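Structure first, then comments.
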Amino acid sequence: ARRGPALEALSALLIAGGTALALVSMLALGRSFSVMAEARALVTSGPFRLIRHPLYLAEELAIFGAAMQFVWPASLAILAAQLACQIRRMLNEERLLRRIFPEYAAYAARTARIVPGLW
């Protein structure tokens, strides 16, 4: 079942916006990008000057957009589980960056994790 044209458009916008932000974030990371948390360099430019985890935000936006397309109760459970895994991933990465880069503490103090003013 579909949700209607307005929600379909919002879904497509979230998927496209999330994908675009992911590409911009990965370009900013350059050789520092990795699937597993690694401390190659502390990137604080590009979208990382605004929030500490733009790539994770981008992934969540796209996944939320995709989940909106389906009227399926399990999609909410899958979305919640994926979000929980992403949060755990962020915290693990932050712990590693704090240990390797002393300047990470100052960066974290002035830069929101995901949503400026909230978290």
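The shown structure was predicted, so the numbers you read here are calculated from the model rather than taken from an experiment.
In this structure, CD1 on Ile114 lies 8.0 Å from CD on Gln86, to the nearest 0.5 angstrom. Distance CG/Leu23 to CG/Leu55: 9.5 Å, rounded to 0.5 Å. Going from atom CG of Asn92 over to atom CZ of Arg88 covers 5.0 Å, rounded to the nearest 0.5 Å. Taking OG of Ser75 as the reference point, atom CD1 of Ile63 lies at 12.5 Å (rounded to 0.5 Å). Here CG of Leu50 is found 11.0 Å from CG of Leu57. Values are rounded to the nearest 0.5 Å. Leu21 CG to Glu60 CD: the interatomic distance, rounded to the nearest 0.5 Å, is 12.0 Å.
You'll find the side chain of Tyr104 reaches within 4.5 Å of the side chain of Arg52, heavy atoms only. Proximity of Arg49 to Thr111: side-chain heavy atoms (C-beta onward) are nowhere separated by under 4.5 Å. Counting heavy atoms from C-beta outward, Phe101 and Tyr107 have side chains that stay 4.5 Å or more apart. For the pair Trp119/Ile87, a side-chain contact is recorded, criterion being any heavy-atom separation below 4.5 Å from C-beta on.
Follow the hydrophobic side-chain contacts under 4.5 Å out from Ile100 and you reach Leu97 in the same cluster. Cluster membership for Leu91 and Ile51, using ILVMFWY side-chain heavy atoms within less than 4.5 angstrom, is shared. Under the 4.5 Å side-chain heavy-atom criterion for grouping Ile, Leu, Val, Met, Phe, Trp and Tyr, Leu79 is connected to Met90 within one hydrophobic cluster.
For Leu14, the side-chain contact (heavy atoms from CB on, under 4.5 Å) partners at least two apart in sequence or on another chain are Leu10, Leu61, Phe64, Met68. Residues passing the side chain to side chain donor-acceptor pair (under 3.5 Å) test with Arg99: none are found, sequence neighbours excluded.
Counted by atom type alone, Glu94 and His53 present one or more donor-acceptor pairs between their side chains at under 3.5 Å.
In summary, Arg89 and Glu59 engage in a salt bridge, as defined by a charged side-chain N under 4.0 Å from a carboxylate O.
When all heavy atoms of Ser11 and Ala66 are compared, the pair lying nearest together is OG-N, 4.3 Å. In this structure, Phe48 and Ser25 approach most closely via the heavy-atom pair CE1-O, 3.6 Å.
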query: Stepwise, does the side-chain contact (heavy atoms from CB on, under 4.5 Å) test hold for Ile15 with Gln69?
result: CA-CA 11 Å; Ile15 293 169; Gln69 294 184 5; 3.4 Å; yes
